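Note sheet for the following structure.
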Amino acid sequence: MNDATLSLLYSKERIADEVSRLAQEINRDYAGSEILVVGILKGSFLFIADLVRQITVPMTIDFMRMASYGTETQSSGIVELRKDIELPVQGKHLLIIEDIVDSGLTLDTLYAKLMLKNPRSLKICTLIEKSCAREGTIKPDYVGISMDSGFIVGYGLDFNEQYRQLQDIFILE
Ligand code: IMP
Ligand code: MG
């Protein structure tokens with residue numbers, strides 16, 4: 001693992017620009033409403049922290065944690081709920097905050113679970129969307145950066161729980 005090579009892909013300045021743009025879109029779309037932000041742990045923890053500080057509509061925040069099994073860089077498609085949401089969802093405008101949508105299977109599972117709780121609306125915001133090999137059916141409403149392929153780390157994203165603390169996003173070679 002120590003011989004993994006990291007190459008800079010998205011700088012912290014690029015990330016900050018995308019976060020600001022997303023916050024502006026969210027502020028515009030939800031003007032006059034209150035939202036319940038649902039952060040998906042662990043990968044989105046830095047994105048959530050940066051994004052919510054630029055959202056100006058009233059909000060409450062809760063977290064869920066999902067885990068998908070598989071090899072180190074490939075999802076198996078089996079998605080497990082590790083921590084459920086605790087705040088009441090019924091009648092709320094939910095905004096899911098994800099780090100990355102890859103196969104889309106995590107998102108499909110999340111979406112189905114939350115829709116059962118009768119939110120007033122449910123939208124998804126992801127920092128990164130991988131455009132290749134999409135298996136899921138649910139599309140994110142807000143996308144920071146679209147990328148083709150490759151495994152990335154940093155700004156919350158991990159490889160074997162490493163590299164989450166990095167300020168920029170790197171491609172793992
Ligand atoms: P899914 O394939 O869309 O279900 O994504 C499952 C999860 O795999 C994501 O929430 C991430 O935690 C992880 N993941 C997918 N692609 C990457 C990547 O390039 N780097 C780090 N984690 C990733
Ligand atoms: Mg992960």
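Small disclaimer: the values here were computed from a predicted structure and weren't measured. Just so you know, ligand 1 is whichever comes first in the structure, and atom 1 is the first atom listed for that ligand.
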Would you name the heavy atoms of D50 and R53 that are closest together and state the gap between them? OD1-NH2, 2.9 Å

For I152 and ligand 1, does the shortest N/O to N/O distance drop below 3.5 Å? yes

Should G43 be listed as contacting ligand 1, given a heavy-atom distance under 4.0 Å as the test? no

Under-4.0 Å heavy-atom contact with ligand 1, by part of K130 that carries it: side chain

With only distance considered, is G104 within less than 3.5 Å of ligand 1 through an N or O on each side? yes

Determine whether more than 12 heavy atoms belonging to other residues, nucleotides or ligands lie under 6.0 Å from atom NZ of K123. yes

For ligand 1, which atoms have a heavy atom of T106 less than 4.0 angstrom away? 1 (P), 4 (O), 5 (O), 6 (C)

Among residues at least two apart in sequence or on other chains, which ones pass salt bridge (charged side-chain N to carboxylate O under 4.0 Å, His left out) with D108? none

Contact region, D99 to ligand 1, non-hydrogen atoms below 4.0 Å, reads side chain

R120 side-chain N/O to K92 backbone N/O, donor-acceptor pair under 3.5 Å: no

I100 heavy atoms within 4.0 Å reach ligand 1 at atoms 9 (C), 10 (O), 11 (C), 14 (N), 15 (C), 16 (N), 17 (C), 18 (C), 19 (O), 23 (C)

Is the closest heavy atom of D158 to ligand 1 under 4.0 Å? yes

When rounded to the nearest 0.5 Å, the distance separating CE of M66 from CD of E80 is 9.0 Å

Answer yes if the side chains of S131 and D148 hold a donor-acceptor pair under 3.5 Å, and no otherwise. yes

Option nearest atom 1 (P) of ligand 1 (shortest heavy-atom distance, choices G154, S103, G150, G136): S103

Is the CZ atom of R65 crowded by more than 12 outside heavy atoms at less than 6.0 Å? yes

Test item, L107 contacting ligand 1 (heavy atom, 4.0 angstrom): no

